[in-house]
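For reference, the structure is listed below as structure tokens.
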Number of protein chains: 2
Amino acid sequence: MRKFEDSLPLQLLRAREATMLFFRPLLHDNSLTEQQWRILRALYNYKELESKELAKRCCILSPSLTGILKRLAQQGYIQRRKCHEDQRRALISLTDKAYDLFERLSPEVEAAYAAFINRYSEEKLEELMSMLKELSELEP
Amino acid sequence: MRKFEDSLPLQLLRAREATMLFFRPLLHDNSLTEQQWRILRALYNYKELESKELAKRCCILSPSLTGILKRLAQQGYIQRRKCHEDQRRALISLTDKAYDLFERLSPEVEAAYAAFINRYSEEKLEELMSMLKELSELEP
DNA sequence: TAAAAGTAATTAATGTATTAACAAAGATGG
DNA sequence: CCATCTTTGTTAATACATTAATTACTTTTA
């Protein structure tokens, strides 16, 4: 059995934790969880997504997403409409309030990203992102 | 604002999900969660750890660890003793039952790891691990 | 040495993850 | 057409994540 620290899942987790140290305070100061921010980002990029697609893009399972969307809706950040062609599907989009929040926060998030790159390295980041992308497309 | 998919935290998450697809079924078949397995691995490697050290190594916050250890103890997989020098500290270790489980499972886990490497690449894995290790030591 | 400050671990409250089971709308084959 | 199967989304139950607050014990400091 390989040594404890030589586990890829563990190192991915640690790397993510180290990265999130740059962003977590910012999200916390604005009463947003990581998942909520992921969803805001996804919806800002894609305007409108159906629940299943949103879940896959954000790496959130459907049952989790149900609850997260319910809370986001209560706070007035998202709206949903039923798809006419297929009554099962729900189409999710951001409210104006969410757009405002997003555009207020994104400069700060970008600044944190810049601080991260300054501390790490633009080249290493590109290299790492490319390796991660390839890995994430792997199937058992 | 950078494109949604160009977020490092997201790519780290996706990469981890893709990796866990190789291991999750195995753990699930043995009624173990990821966190429980991480703790078993850590304790197998280090024989005995105090709670705080265990939490840091496993990337688990103390309040979460409290619950996880309680359940592991109920199932008879761990034992704890108080530190004599400092009565606040708890020293955790595996029971014989846990050692048996671990030694029964570890060949299968290693086989899954081999399948992963076969599907990915030994060299890429080494490269990636090295980059992740550097990243995880980064501080804001 | 008694009070203050600090640390390890837990509890509490809320939010998310995971699996299984389920309801409802749609696709499919007889 | 209708029974069946599939898919989307939800609910339920349990486990874990996160922050704040507490408890019990140590160390510092006045």
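Just so it is clear, the values below take in all heavy atoms, side chains as well, and ignore hydrogens, waters and symmetry mates. Note that this is a predicted model, so its numbers are computed, not measured. So that the names make sense, note that chain A is the first sequence line, chain B the second, and so on, each numbered from 1.
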Nearest-Å distance for atom pair [atom1]/[atom2], residues [X] and [N]:
{"X": "A/D86", "N": "D/dG9", "atom1": "CG", "atom2": "P", "value": "8 Å"}
{"X": "B/L61", "N": "C/dT10", "atom1": "CG", "atom2": "C1'", "value": "14 Å"}
{"X": "B/L21", "N": "C/dT19", "atom1": "CG", "atom2": "P", "value": "10 Å"}
{"X": "A/H84", "N": "C/dA25", "atom1": "NE2", "atom2": "C1'", "value": "15 Å"}
{"X": "B/E50", "N": "C/dT7", "atom1": "CD", "atom2": "P", "value": "14 Å"}
{"X": "B/L26", "N": "C/dT18", "atom1": "CG", "atom2": "P", "value": "17 Å"}
{"X": "B/L32", "N": "D/dA15", "atom1": "CG", "atom2": "C1'", "value": "13 Å"}
{"X": "B/K82", "N": "D/dC25", "atom1": "NZ", "atom2": "P", "value": "6 Å"}

**Asked** Got A/K97 and A/D100 here, is their nearest side-chain heavy-atom distance under 4.5 Å?
**Response** no

**Item:** Side-chain touch A/L105/A/L40, heavy atoms, less than 4.5 angstrom
**Value:**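 No, too far: nothing below the 4.5 Å cut-off.
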
**Asked** Does the separation of the ring centres of A/Y113 and A/F23 fall below 6.0 angstrom?
**Response** yes

**Message:** Under 3.5 Å, is there any donor-acceptor pair linking the side chain of B/R88 to the base of C/dT7?
**Reply:** yes

**Asked** C/dT10, D/dT18, C/dT18: which one has an atom nearest the side-chain heavy atoms of A/E34?
**Response** D/dT18

**Request:** Hey, can you tell me if B/F4 and A/Y46 have their rings parallel, tilted or perpendicular (30° and 60° cut-offs)?
**Result:**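 Judged by the thresholds at 30° and 60°, the geometry between B/F4 and A/Y46 is perpendicular.
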
**Request:** Could you check whether A/E85 gets within reach of a base, just the sugar-phosphate, or nothing at all, counting any heavy atom under 4.0 Å?
**Result:**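 Since only primed, P, OP1 and OP2 atoms lie under 4.0 Å of A/E85, the category is sugar-phosphate.
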
**Item:** Closest heavy-atom pair and its distance - B/R41, A/R2
**Value:**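 Closest approach of B/R41 to A/R2: NH2-O, 3.0 Å.
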
**Request:** Specify the closest pair of heavy atoms between A/R57 and B/L10, including all atoms of both residues, with the distance to one decimal.
**Result:** O-CD1, 3.8 Å

**Complete:** In 5'-to-3' order, the base (B), backbone-only (S) or no-contact (-) status of each nucleotide in nucleotides 11-16 of chain C, using a 4.0 angstrom heavy-atom cut-off, is BB--SS

**Request:** To the nearest 0.5 Å, tell me how far B/E34 CD sits from B/C58 SG.
**Result:**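 Those atoms lie 12.0 Å apart.
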
**Request:** Between A/R89 and B/R38, just flag the one whose closest nucleotide in DNA chain D comes earlier from the 5' side.
**Result:**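 Whichever sits nearer the 5' end wins; that is A/R89.
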
